[in-house]
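The block underneath contains the structure these notes are about, expressed in structure tokens.
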Amino acid sequence: MGKIIKRIPYKGVLIELKNIVLHSSMQNIELPTNTLKSILYCGATVEYQCGRITEEQYFARLASDFRHPQEEIKKAILAVRKSLCVNPKVVEALASMKAKSKGLFELYAVTNFSKEDYALVKFLGFDWSLFERVFVSSDIGMQKPELRFYQHVLNQIGLSSEQVILVDDDTSNLLAAMSMGMQGVMPSDYSLYRSILNFVDIDPIGRGTRYLHENAQKHHSFTHTGVPVKENFTQLLILELTGDRSLIDIGSHRTTWNLFIVTPVLTQADFPDDMDTTSLGITILNRPTHVANLVMDKMLQYRTSDGLMQTFFTDFKKRVDPIVCCNILNIFYQYGWGNELSETFDWVYQVLQTRTYIHGSAFYPLPEAFFFFLSRMMLRLKNHRPCVYIRMRGLLIKRLEERLSVPVDAASLAMRLIVCHQVGVRHVSGLKFLLSMQEPDGGWEIGTLYQYYSKRLWLGNRGTSTALALDAIRRCQPWLAHRF
């Protein structure tokens, strides 16, 4: 399973106190909210928080600058200060993370506070030993986002900027720190714990693998409305991606496969076997040739008048889907029957050429599924029709590059990265983002894999998303090695 190459050897995490560890309130303050917000970022506040003027001088200057009665300003500022309190959930998360780090990194507090603010904060019943050191603007005479503030902190803790993460809710502070080479994290994007952990953790593969094993044989799918669906398709994908049969809950099938493991959910009770799941079952389990031949011979009985392969082993549901066709082509090429499906292959190629996949397909609502299952089929094509493979690979590269900046969920991003690796496209930013999406329990979000066509009801599977993510990371991790 091997650990991932360290992305960056982070040794220090700088945590802003305000709005993260500490909270304050502007409620029940007579001063207009917009005026108070302007005060917090004005020049006088900078001077005060750096210890260059006294508190009385600060209030007098604010009264002059904002043309507002000094006593009202003073009352508002003191009320905000008095409202400062500790966020216990954040403190608990930081303490837990520090304990689990076993000395891999240290936490440091950094904040723009006046001496009076900091004096109050120190008596809020907070265990300051959580931080190795605390850097306060009024103590050092400079503040964020000044570059010299960050340089002072780096000099004091003895780390380079590339070894440090700043967690802050202010974009200006993050921008300045990142311009110096630090990693910036805005905790509103994710939970604080997840945000930091996914940067400092050096073994996301180990965490993801543990998630799969801790939930072995429970990796079932769910609709986006929360209905559980026990089905074979995602189980087979997990098996292919991990090679570990102990992870999945799957039955035996002599020839054709049904999507559902036991009872169909949210559909007809006599749901027919389908060629999509069957194609995966035969190829992933590497069934004997005589079994595959029986199955393919039966498949050929269900073609449209255009010569395209249908999805189900029945004429009752005459559905055609280019991604299902990719999986059918895969079994036909694996067992040497590829020439039987020239019309289907030409149509799949046309879908790639014309970008018809852009709005999804009948059973797969997101485009990345087309790239992923097409690339699986192309691995077979490479051996049987190398010239066609080369031409299709070139076109696939172009289509991939068109979508590299399109936001997608974890499952689609992992699929995209796997295909990128196969065709030789480096997508480093995508890999970094996939790493950042890992949940605290080690898995990845449920994502979207396919849908009930008639109901437009999307389904996902955390086990499959995690298996896809781990496979993508293993394949693509060398892209990050150049940083060291």
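Note: hydrogens, waters and symmetry copies are ignored here, and every other heavy atom, side chains too, is used. Throughout, numbering of the chain's residues begins at 1 and tracks the sequence.
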Distance flag, aromatic centroids of [Y] and [X], threshold under 6.0 Å:
| X | Y | result |
| --- | --- | --- |
| Tyr452 | Phe363 | no |
| Tyr357 | Phe371 | yes |
| Phe370 | Tyr364 | no |

List the atom of [X], the atom of [Y], and the distance in Å for their closest heavy-atom pair.
| X | Y | result |
| --- | --- | --- |
| Gly208 | Trp444 | CA-CZ3, 4.4 Å |
| Thr304 | Gln310 | CG2-CG, 3.9 Å |
| Arg474 | Pro478 | O-CD, 4.2 Å |
| Thr256 | Val295 | N-CG2, 4.4 Å |
| Ala411 | Ser465 | CB-OG, 3.5 Å |
| Pro367 | Ile358 | CG-O, 3.3 Å |

Name all residues meeting the salt bridge (Lys or Arg N to Asp or Glu O under 4.0 Å) criterion together with Glu146; count only those two or more places apart in sequence or in a different chain, and write none if there are none.
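Partners of Glu146 under the salt bridge (Lys or Arg N to Asp or Glu O under 4.0 Å) test: Arg148.
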Does the plane of the ring in [X] sit parallel, tilted or perpendicular to the ring in [Y]? Use 30° and 60° as the thresholds.
| X | Y | value |
| --- | --- | --- |
| Phe271 | Phe312 | perpendicular |
| Phe313 | Tyr302 | perpendicular |
| His421 | Trp479 | tilted |

Just one of Asn232, Val229, Ile250 clears the side chain to side chain contact (heavy atoms under 4.5 Å, CB included) bar with Ile261, so which one?
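That would be Asn232.
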By the definition side chain to side chain contact (heavy atoms under 4.5 Å, CB included), identify the one residue from Asn461, Leu237, Leu241 that meets it with Leu468.
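Single pass found, and it is Leu241.
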Report, one line per pair, each donor and acceptor closer than 3.5 Å where one atom sits in a side chain of residues 15-23; sequence neighbours left out.
unit_1	atom_1	unit_2	atom_2	d
Glu16	OE1	Lys144	NZ	2.0
Glu16	OE2	Lys18	N	2.8
Glu16	OE2	Thr111	OG1	2.7
Lys18	NZ	Asn112	O	2.8
Asn19	ND2	Asp169	OD2	3.0
His23	NE2	Asn87	ND2	3.0

Backbone of [Y] reached by a side-chain donor or acceptor of [X] within 3.5 Å:
| X | Y | value |
| --- | --- | --- |
| Glu231 | Phe233 | yes |
| Thr448 | Trp458 | no |
| Asn215 | Lys218 | no |
| Asp276 | Thr311 | no |
| His219 | Leu212 | yes |
| Gln235 | Asp249 | yes |
| Thr278 | Met275 | no |
| Gln438 | Pro204 | yes |

Distance in Å, Leu94 CG paired with Lys89 NZ, rounded so as to fall on 0.5 Å steps
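It is 14.5 Å, given to the nearest 0.5 Å.
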If you measure from NZ on Lys382 to OG on Ser375, what distance do you get to the nearest 0.5 Å?
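These two atoms lie 12.0 Å from each other.
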Check whether the side chains of Asp321 and Ser361 place a donor and an acceptor atom closer than 3.5 Å, and report yes or no.
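Judged by distance alone, the side chains do pair up.
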So, Gln334 versus Asn330: side-chain donor-acceptor pair below 3.5 Å or not?
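Result is no, nothing qualifies.
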Taking distance alone, no hydrogens or angles, what donor-acceptor pairs closer than 3.5 Å link side-chain atoms of residues 341-355 to residues at least two apart or in another chain?
unit_1	atom_1	unit_2	atom_2	d
Thr344	OG1	Gly307	O	3.4
Thr344	OG1	Met309	N	3.3
Tyr349	OH	Arg391	NE	3.4
Thr354	OG1	Gln350	O	2.7
Thr354	OG1	Thr356	OG1	2.4
Arg355	NE	Glu402	OE1	3.0
Arg355	NE	Glu402	OE2	3.3
Arg355	NH2	Glu402	OE2	2.7

Can you tell me if CD on Glu92 sees more than 12 non-hydrogen neighbours from other groups inside 6.0 Å?
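Open.
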Can you tell me if Arg254 has over 12 outside heavy atoms packed within less than 6.0 Å of its CZ?
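Not buried by this count: 12 neighbours or fewer within 6.0 Å.
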Working for salt bridge (Lys or Arg N to Asp or Glu O under 4.0 Å), residues Asp441 and Arg462:
CA-CA 11 Å; Asp441 62 6; Arg462 283 200 71 196; 2.9 Å; yes
I want to check a possible cation-pi pair here: Lys230 against Phe260, using under 6.0 Å from ring centre and within 45° of the ring axis as the test.
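Because its charged atom misses either the 6.0 Å distance or the 45° angle limit, Lys230 does not stack over Phe260.
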For Leu404 and Val425: C-alpha separation, side-chain torsions, deciding distance, then whether side-chain contact (heavy atoms from CB on, under 4.5 Å) applies.
CA-CA 10 Å; Leu404 292 186; Val425 174; 4.2 Å; yes
Tell me whether Asp471 is salt-bridged to Arg475, with the criterion being a basic N under 4.0 Å from an acidic carboxylate O.
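The answer is yes: the pair qualifies as a salt bridge.
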Taking only Lys NZ, Arg NE, NH1 and NH2, and the carboxylate oxygens of Asp or Glu, determine whether Arg133 and Glu106 approach each other closer than 4.0 Å.
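Looking at Arg133 and Glu106, the cut-off is not met.
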